[in-house]
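Okay, so here's the structure we're looking at.
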Amino acid sequence: MVICSAPGKVILFGEHAVVYGMPALAAAIEKRTYVTVQANISDKIKINSADSSGMVSIPIENLGAPSKDTYRYVKRAVYLTFQHQGKRTGLDIEIESRIPPASGLGSSAAVTVAAILAVSVALGNPLDKKTISSLAHRVEIDVQGAASPTDTSTSTFGGIQFIEPGKIVTYLDSPLNLVVGYSGMKRSTKVLVENVRKIKEKYPPIMDPIIQAIGKITEEGKMKIIENDLGAIGELMNLNQGLLDSLGVSNRILWNLVYSARDAGAFGAKLTGAGGGGCMIALVNDDPEKVIAAIEKEGCKAFYAPISKEGVKIEGDK
Ligand code: PMV
């Protein structure tokens with residue numbers, strides 16, 4: 001039996017623009033998903049989770065069929081790992097996620113990444129992080145139709161990632177203090193990405209420069225993180241939030257949380273992930289409590305989110 005875990009993430013800069021080849025900056029956070037895998041002698045993959053999703057049992061033969069249920073990421077992850085390893089076996093899979101689902105915190109990527117490592121260990125051939133990251137990205141593309149590697153590589157490698165097509169640079173040891181505010185509204189990344197595509201196709205001369213400006217903000221953000229210029233990082237987050245709003249992915253609740261955090265002294269605040277609900281982040285000083293309280297006053301949950309330097313890992317192997 002093997003237990004693997006992988007972290008969720010927040011996007012600091014560049015969501016949506018990254019779908020069109022711009023860079024993104026994302027940080028792994030200390031909220032993880034745990035996947036336990038045990039090989040069995042049946043010809044079935046049984047998947048269960050600690051939440052209320054229930055148990056499913058799929059014959060290995062049917063694993064490749066497109067699926068729309070809650071476990072579609074895990075099924076695809078198992079299928080592609082089997083294909084990659086050229087081996088297959090019956091499996092019992094148990095999932096426990098401490099990342100709020102459908103909230104922009106990368107819960108799908110985390111379960112995918114942890115499942116790929118756990119299944120590869122159960123097959124006797126643990127995969128390296130580069131392979132896990134690329135298989136997990138493939139899973140997201142297959143399930144969602146389109147996906148950048150942002151979530152999957154951040155969950156795999158941990159730390160802060162500057163993601164560009166074909167290149168990944170990791171910045172560890174950043175002293176950024178983040179607060180995450182959760183609007184409580186679930187939303188679909190796929191739908192939001194699709195909406196941005198539509199508005200981009202409708203008004204190319206207006207939308208293309210906005211996408212490019214988000215790319216420039218991300219590049220500038222990377223420099224300011226290296227310089228640890230918190231004031232400038234906050235300012236850039238605020239600029240990014242304004243442009244995300246113009247892509248149509250912010251909403252009233254997110255703006256309320258963003259303004260509350262800024263009024264409570266955050267250096268900057270923006271939505272994180274696909275938007276349309278989900279979460280926002282605020283860059284704070286050493287004392288996050290004032291900003292947490294301001295978000296909670298709006299009736300939403302908030303938590304301090306230290307950056308996780310550790311990506312996917314084996315928690316235990318018996
Ligand atoms: O909602 P999330 O956390 O899965 O983030 C989506 C980020 C997008 O840039 C909107 C899409 C992507 O694939 O990068």
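Counting convention: from 1, in listed order, for ligands and their atoms alike.
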Using a 4.0 Å heavy-atom cut-off, which part of Thr272 comes near ligand 1: side chain, backbone, both, or neither?
neither
Please list, in number order, the atoms of ligand 1 under 4.0 Å from a heavy atom of Arg187.
1 (O), 2 (P)
Which atoms of ligand 1 have any heavy atom of Val18 under 4.0 Å away?
9 (O), 14 (O)
Numbering as shown, the atoms of ligand 1 that approach Gly104 to under 4.0 Å (heavy-atom distance)
1 (O), 2 (P), 3 (O)
Among Thr152, Thr272, Thr154, Asp151, exactly one meets side chain to side chain donor-acceptor pair (under 3.5 Å) together with Lys9. Which residue is that?
Asp151
Applying a heavy-atom cut-off of 4.0 Å, say which part of Met22 lies close to ligand 1: side chain, backbone, both or neither.
neither
For Glu15, is at least one N or O under 3.5 Å away from an N or O on ligand 1?
no
Less than 4.5 Å apart, side chain to side chain, heavy atoms only: is that true for Arg197 and Val193?
no
shortest atom 8 (C) of ligand 1-to-protein heavy-atom contact is with His16 N, 3.9 Å
re atom 4 (O) of ligand 1, the protein heavy-atom contact at minimum distance is Asp151 OD2, 3.1 Å
Do Gln85 and Val119 have side chains that get closer than 4.5 Å, going by heavy atoms?
no
Nitrogen or oxygen atoms of Ala274 and ligand 1 under 3.5 Å apart
yes
Would you say the side-chain atoms of Ser5 and Glu315 include a donor-acceptor pair closer than 3.5 Å?
yes
Which residue holds the protein heavy atom closest to atom 7 (C) of ligand 1, what is that atom called, and what is the gap in Å?
Ile11 CD1, 3.7 Å
Ion pair Glu219/Lys222, N-O distance below 4.0 Å:
no
Where's the contact between Leu192 and ligand 1, heavy-atom distance under 4.0 Å: side chain, backbone, both or neither?
neither
Carboxylate-amine/guanidinium contact Lys216 Glu220, below 4.0 Å
no
Note the single closest protein heavy atom to atom 14 (O) of ligand 1, along with its residue, its atom name and the distance in Å.
Ser148 OG, 2.6 Å
Is it true that, when you exclude Lys290 itself, more than 12 heavy atoms of the residues, nucleotides or ligands shown sit nearer than 6.0 Å to its NZ?
no
Protein heavy atom at shortest distance from atom 3 (O) of ligand 1
Lys9 NZ, 2.5 Å
Polar side chain donor-acceptor pair, Glu30 to Tyr304, under 3.5 angstrom
no
Contact partition for Gln144 relative to ligand 1, non-hydrogen atoms under 4.0 Å:
neither
Judged by modelled atom types alone, do Ser108 and Glu140 share a side-chain donor-acceptor pair under 3.5 Å?
no
